[in-house]
A.B. asks: 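First the structure, then my questions, so here it is.
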Amino acid sequence: MAGHSKWANIKHKKARSDEKRGKEFTKIAKEITIAVRTGGSGDPEANSKLKLAIQKAKAINMPNENINRAVKKGTGEIDSETIEEIIYEGYAPGGIAVMLEIATDNRNRTASEIRHFFSKNNGNLGESGCVAWMFKRVGLISVKKDKLDIDEEEFMLKVLDAGAEDVREEDEEYEVLTLPESFMLVKEAMEEEKLPIDEADIIMLPENTVDITDVDLAGKIIKLIELLEDHDDVQNVYTNMSIPDEIIAALD
């Protein structure tokens with residue numbers, strides 16, 4: 001889990017420093033449109049996937065006009081291209097497993113561009129299923145310790161009573177894990193309890209992580225991951241790497 005958290009932090013800092021707000025809007029808009037089409041409803045109260053996507057849009061201050069347009073594309077009120085959801089799998093330098101969630105209107109173009117990123121950066125785009133067995137889909141809700149006004153035991157009891165499967169402790173936060181189908185119920189129960197949620201999403205969690213202790217190798221992996229994340233059709237990137245704090249510091 002540490003690998004996910006530390007990479008999420010790197011990613012978060014990069015996104016803020018680069019101020020790529022427009023690209024974030026585009027990706028969330030796709031997520032909203034797909035959520036409407038796959039969830040069968042443009043009503044967030046009847047479509048939990050859409051509800052989460054809209055919450056994520058509002059968290060990055062996406063204008064309501066953009067949100068409504070994305071919903072209407074999903075319902076068919078506004079004509080739009082057909083967007084396919086695809087999972088790509090491969091390996092980054094050092095044999096690190098990579099899973100990509102793709103949303104594209106041109107499968108062949110996207111496949112060619114993603115394969116190019118891997119091959120030019122010492123990685124390898126693999127066959128379907130080559131790394132999927134290393135991950136499981138879970139709901140993840142992170143809570144910063146310094147924002148909690150209750151003790152650890154009371155916090156644990158509250159989230160487990162809400163339906164969480166597990167709670168893991170990291171250096172500065174607690175990570176609440178849920179089944180995908182109970183994610184929204186747990187999240188809403190935590191909100192009702194006024195527990196300070198920092199981040200919340202359904203992710204692909206690596207079953208085990210690989211420590212990257214070589215600065216050069218870490219730099220190569222992160223370069224590839226950043227290129228993939230920057231691609232318009234890549235919605236999410238997941239890896240099984242864990243980078244110690246001292247290696248992260250050496251990369252700054």
Side-chain angles (χ1 to χ4, degrees), residues 1-17 19-21 24-25 27-32 34-36 39 43-64 66-67 70-71 101 135-206 209 229 235-239 242 245:
M1 199 61 205
H4 167 76
S5 298
K6 287 170 183 171
W7 174 247
N9 289 337
I10 293 170
K11 180 174 67 173
H12 201 51
K13 289 174 185 173
K14 175 178 167 51
R16 285 179 176 173
S17 63
E19 297 180 349
K20 295 185 176 178
R21 191 51 52 92
E24 287 184 83
F25 286 175
K27 294 190 179 192
I28 293 292
K30 279 187 182 180
E31 186 171 339
I32 291 170
I34 290 169
V36 174
D43 177 7
E45 294 307 318
N47 183 342
S48 61
K49 190 175 180 181
L50 173 60
K51 187 173 186 178
L52 176 60
I54 290 175
Q55 287 174 352
K56 287 159 69 173
K58 290 183 175 178
I60 60 169
N61 298 316
M62 186 169 169
N64 286 332
N66 297 42
I67 295 172
V71 170
E101 291 180 340
F135 297 81
K136 64 179 178 180
R137 186 169 289 280
V138 301
L140 172 68
I141 304 169
S142 62
V143 176
K144 296 291 186 186
K145 290 180 180 178
D146 59 6
K147 293 182 181 177
L148 272 177
D149 56 8
I150 56 176
D151 62 31
E152 179 180 347
E153 184 176 354
E154 187 179 355
F155 172 72
M156 297 278 191
L157 285 172
K158 282 181 181 292
V159 296
L160 292 173
D161 283 346
E165 290 289 296
D166 192 15
V167 182
R168 301 184 184 183
E169 184 177 358
E170 289 294 328
D171 295 338
E172 298 176 356
E173 64 187 14
Y174 294 110
E175 293 176 335
V176 179
L177 301 182
T178 78
L179 295 173
E181 57 268 25
S182 57
F183 169 76
M184 288 301 292
L185 292 174
V186 175
K187 180 175 179 290
E188 288 170 358
M190 290 176 64
E191 288 169 344
E192 286 178 12
E193 290 284 347
K194 301 293 192 292
L195 295 174
I197 294 173
D198 186 53
E199 290 186 87
D201 206 351
I202 296 174
I203 67 163
M204 295 301 294
L205 177 70
T209 56
E229 287 201 319
Q235 295 294 98
N236 294 295
V237 181
Y238 304 108
T239 79
S242 177
D245 291 338

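Predicted, not measured: the structure shown is a model, and the values here were computed from it.
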A.B. asks: Under the rule for salt bridge (charged side-chain N to carboxylate O under 4.0 Å, His left out), what residues qualify as partners of Lys145, not counting sequence neighbours?
C.D. replies: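 By the salt bridge (charged side-chain N to carboxylate O under 4.0 Å, His left out) rule, Lys145 matches Glu169.
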A.B. asks: Using a 4.5 Å cut-off on heavy atoms from C-beta on, say whether the side chain of Val71 contacts that of Leu50.
C.D. replies: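 Yes, at least one pair of side-chain atoms sits under 4.5 Å.
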A.B. asks: Drop me the distance from Met190's CE to Ile197's CD1, to the nearest 0.5 angstrom.
C.D. replies: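 Rounded to the nearest 0.5 Å, the CE-CD1 separation comes out at 4.5 Å.
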A.B. asks: Looking at Phe155 and Val167, what are the two nearest heavy atoms and their distance?
C.D. replies: CE2-CG1, 4.1 Å
A.B. asks: So, Asp43 side chain and Glu45 main chain: donor-acceptor pair closer than 3.5 Å or not?
C.D. replies: yes
A.B. asks: Would you check if the side chain of Ser142 reaches a backbone N or O of Glu199 as a donor-acceptor pair within less than 3.5 Å?
C.D. replies: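 Confirmed, Ser142 side chain pairs with Glu199 backbone.
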A.B. asks: Are the charged groups of Glu191 and Lys187 less than 4.0 angstrom apart, N to O?
C.D. replies: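 A salt bridge links Glu191 with Lys187.
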A.B. asks: Run the salt bridge (Lys or Arg N to Asp or Glu O under 4.0 Å) test on Glu101 and Arg137 for me, step by step, so that the C-alpha distance in whole Å, both residues' side-chain angles and the decisive distance to 0.1 Å come before the verdict.
C.D. replies: CA-CA 12 Å; Glu101 291 180 340; Arg137 186 169 289 280; 2.8 Å; yes
A.B. asks: Would you give the length of the straight line joining atom CE of Met156 to atom CG of Asp166, rounded to the nearest 0.5 angstrom?
C.D. replies: 8.5 Å
A.B. asks: Considering all heavy atoms of both residues, which atom of Asn66 and which atom of Phe25 are nearest to each other, and what is their separation?
C.D. replies: ND2-CD1, 4.3 Å
A.B. asks: Write down the atom of Ala162, the atom of Val186, and the distance for their closest heavy-atom approach.
C.D. replies: O-CG2, 3.6 Å
A.B. asks: If you take all heavy atoms of Ala164 and Val176, which pair is closest and at what distance?
C.D. replies: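 Answer, listing the atom of Ala164 first, then Val176: CB-CG1, 3.5 Å.
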A.B. asks: Do any N or O atoms from the side chain of Asn47 and from the backbone of Ala35 form a donor-acceptor pair under 3.5 angstrom?
C.D. replies: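 Present.
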A.B. asks: Please tell me if the side chains of Leu140 and Leu205 come closer than 4.5 Å, counting only heavy atoms from C-beta onward.
C.D. replies: no
A.B. asks: Got Asp171 and Asp245 here, is their nearest side-chain heavy-atom distance under 4.5 Å?
C.D. replies: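 Asp171 vs Asp245: side chains touch.
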A.B. asks: Please round to the nearest 0.5 Å and tell me the distance separating atom NZ of Lys136 and atom CG of Leu177.
C.D. replies: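 One finds 7.0 Å between NZ of Lys136 and CG of Leu177.
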A.B. asks: Count the heavy atoms belonging to other residues, nucleotides or ligands that lie under 6.0 Å from CD of Glu181, then report whether that count exceeds 12.
C.D. replies: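 Enclosed.
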A.B. asks: Once rounded to the nearest 0.5 Å, what's the spacing between atom CG of Leu52 and atom CD1 of Ile202?
C.D. replies: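 The CD1 atom of Ile202 is 6.0 Å from CG of Leu52, to the nearest 0.5 Å.
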A.B. asks: Kindly compute the distance separating CE (Met204) from CG (Asn236), expressed to the nearest 0.5 Å.
C.D. replies: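 Between Met204 CE and Asn236 CG, I get 11.0 Å after rounding to 0.5 Å.
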A.B. asks: Distance from Leu195 atom CG to Lys158 atom NZ, nearest 0.5 Å?
C.D. replies: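 Going from CG on Leu195 over to NZ on Lys158, the span is 6.5 Å.
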A.B. asks: Verify side chain to side chain contact (heavy atoms under 4.5 Å, CB included) between Glu31 and Lys27, making sure each step is shown before the conclusion.
C.D. replies: CA-CA 6 Å; Glu31 186 171 339; Lys27 294 190 179 192; over 6 Å; no
A.B. asks: Are side-chain heavy atoms of Ser48 and Phe183 found at a separation under 4.5 Å?
C.D. replies: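 Not touching, per the 4.5 Å side-chain cut-off.
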A.B. asks: List the residues meeting ring-ring contact (aromatic ring centres under 6.0 Å, His included) with Phe135, not counting sequence neighbours, and say none if there are none.
C.D. replies: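 For Phe135 there are no ring-ring contact (aromatic ring centres under 6.0 Å, His included) partners, ignoring immediate neighbours.
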A.B. asks: Considering only heavy atoms from C-beta outward, does the side chain of Lys58 approach that of Asn64 to under 4.5 Å?
C.D. replies: yes
A.B. asks: Report yes if some heavy atom in the side chain of Tyr174 is under 4.5 Å from a heavy atom in the side chain of Val159; otherwise report no.
C.D. replies: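 Sidechains of Val159 and Tyr174: no contact.
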A.B. asks: Within a strict 4.5 Å, meaning less than it, do heavy atoms of the Pro196 and Leu148 side chains meet?
C.D. replies: yes
A.B. asks: If you define the side chain from C-beta out and look only at heavy atoms, does anything of Ile34 sit under 4.5 Å from Gln235?
C.D. replies: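 A side-chain contact is absent here, since even the closest heavy-atom pair is not under 4.5 Å.
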